[in-house]
Student: 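Sending over a structure as structure tokens; questions will come in a sec.
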Amino acid sequence: MPPAPRLTLYVCELDEEGPRSHPCRIAGEALRDAGHNFEKIMTDKRRPGGVLVKGKRPELLEATGQEKLPALKLTDGTTIIVGSRPIRDWARENDRTTIGKPVPQPGAPSGRAKEDV
């Protein structure tokens with residue numbers, strides 16, 4: 001049986017060693033705090049000063065279709081979330097206990113009896 005797909009987080013080399021306010025660190029900590037199992041891929045090794053590397057991340061562009069860090073590729077392989085705040089918000093809204101479970105749709109039967117109003 002093939003292994004279950006995992007989330008993939010693309011970060012710079014500062015990641016966990018960076019300042020608490022660093023976007024790559026914030027994204028990684030948010031995923032970890034929410035209990036997500038993810039693969040971390042460091043990009044831009046040997047490229048100090050990440051602000052100066054815009055447009056120079058061909059591996060990231062190929063993997064995610066864009067060049068900003070941090071970037072999170074979801075298990076469907078096509079959905080990309082970019083930026084520490086959107087990644088943090090996604091991690092909080094989708095803790096690992098909800099991954100893979102169907103999302104209730106408005107108006108769909110929930111399995112509970114309707115209450116008379």
Side-chain angles (χ1 to χ4, degrees):
M1 177 177 224
R6 292 184 359 173
L7 300 169
T8 305
L9 180 64
Y10 296 88
V11 295
C12 73
E13 74 279 353
L14 288 179
D15 181 39
E16 295 174 9
E17 290 81 36
R20 287 192 157 289
S21 61
H22 191 277
C24 294
R25 180 173 178 171
I26 291 170
E29 287 178 353
L31 290 170
R32 209 172 339 317
D33 291 347
H36 291 290
N37 182 18
F38 61 97
E39 174 184 13
K40 183 169 48 174
I41 298 178
M42 277 192 201
T43 61
D44 287 338
K45 293 179 188 174
R46 302 178 307 272
R47 289 188 192 207
V51 294
L52 304 174
V53 296
K54 187 175 179 181
K56 298 181 181 179
R57 295 177 173 142
E59 300 88 7
L60 184 62
L61 180 61
E62 184 178 334
T64 67
Q66 57 84 48
E67 296 179 322
K68 295 181 182 178
L69 291 174
L72 177 66
K73 184 185 281 189
L74 301 186
T75 57
D76 65 10
T78 59
T79 305
I80 309 297
I81 301 173
V82 179
S84 60
R85 286 184 185 168
I87 291 171
R88 182 192 62 208
D89 294 345
W90 181 90
R92 288 177 178 169
E93 292 168 8
N94 299 279
D95 68 21
R96 88 178 168 90
T97 60
T98 63
I99 300 296
K101 292 186 179 177
V103 177
Q105 299 297 318
S110 64
R112 297 187 342 197
K114 288 187 175 181
E115 296 179 15
D116 292 332
V117 181

Student: Using every non-hydrogen atom in the two residues, find where Glu16 and Lys40 come nearest and quote the distance to one decimal.
Tutor: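 Scanning both residues, the minimum pair turns out to be OE2-NZ, 2.9 Å.
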Student: If you take all heavy atoms of Cys12 and His22, which pair is closest and at what distance?
Tutor: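 That would be SG-CE1, 3.3 Å.
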Student: Give the minimum heavy-atom separation between Arg6 and Thr75, together with the two atoms involved.
Tutor: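 Minimum heavy-atom separation between Arg6 and Thr75: C-CG2, 3.7 Å.
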Student: Any side-chain heavy atom of Cys24 sitting closer than 4.5 Å to one from Leu14?
Tutor: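 No, every pair of side-chain atoms sits at 4.5 Å or beyond.
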Student: Between Thr43 and Val11 (side chain of the first, backbone of the second, donor and acceptor by atom type, cut-off under 3.5 Å), is there such a pair?
Tutor: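 Such a contact is found between Thr43 side chain and Val11 backbone.
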Student: Distance from Arg88 atom CZ to Glu29 atom CD, nearest 0.5 Å?
Tutor: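 One finds 11.5 Å between CZ of Arg88 and CD of Glu29.
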Student: Taking all heavy atoms of Gly28 and all of Phe38, pick out the closest pair and write down the distance.
Tutor: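 Scanning both residues completely, I find the closest heavy atoms to be O-CZ, 3.9 Å.
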Student: Drop me the distance from Leu72's CG to Ile80's CD1, to the nearest 0.5 angstrom.
Tutor: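 These two atoms lie 8.0 Å from each other.
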Student: Rounded to the nearest 0.5 Å, how far apart are CG of Leu9 and CE of Met42?
Tutor: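 CE of Met42 is found 10.0 Å from CG of Leu9.
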Student: Do Leu31 and Ile81 belong together in a cluster built from hydrophobic side chains that touch within less than 4.5 Å?
Tutor: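 Same hydrophobic cluster.
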Student: Quick one: NE2 on His36 to CG on Leu7, what's the gap to the nearest 0.5 Å?
Tutor: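 Rounded to the nearest 0.5 Å, the NE2-CG separation comes to 6.5 Å.
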Student: Quick one: are Arg57 and Leu69 in side-chain contact, heavy atoms under 4.5 Å?
Tutor: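 Yes, close enough: below the 4.5 Å cut-off.
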Student: State, yes or no, whether a side-chain contact exists between Thr64 and Val82 at a heavy-atom distance under 4.5 Å.
Tutor: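 Heavy-atom side-chain distance check fails, nothing below 4.5 Å.
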Student: For Arg32, does the CZ atom have more than 12 heavy-atom neighbours from other residues, nucleotides or ligands under 6.0 Å away?
Tutor: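 Atom CZ in Arg32 is packed in, count exceeds 12.
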Student: How long is the gap from CD on Glu67 to CG on Leu60, to the nearest 0.5 Å?
Tutor: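 Spacing of CD (Glu67) from CG (Leu60) equals 7.0 Å.
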Student: At their closest point, which heavy atom of Ser84 faces which heavy atom of Pro70, and how far apart are they?
Tutor: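 Smallest interatomic distance, heavy atoms only, reads N-CG, 3.8 Å.
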Student: Roughly how far, to the nearest 0.5 Å, is the CG atom of Asn94 from the CG atom of Leu74?
Tutor: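 Taking CG in Leu74 and CG in Asn94, the distance rounds to 8.0 Å.
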Student: For the backbone of Gly18 and the side chain of Arg25, can you confirm whether one donor and one acceptor N or O come within less than 3.5 Å of each other?
Tutor: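 Checked: pair present.
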Student: Which heavy atom in Ala30 sits nearest to a heavy atom in Ala91, and how many Å separate them?
Tutor: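 In terms of heavy atoms, the two residues are closest at O-CB, 3.7 Å.
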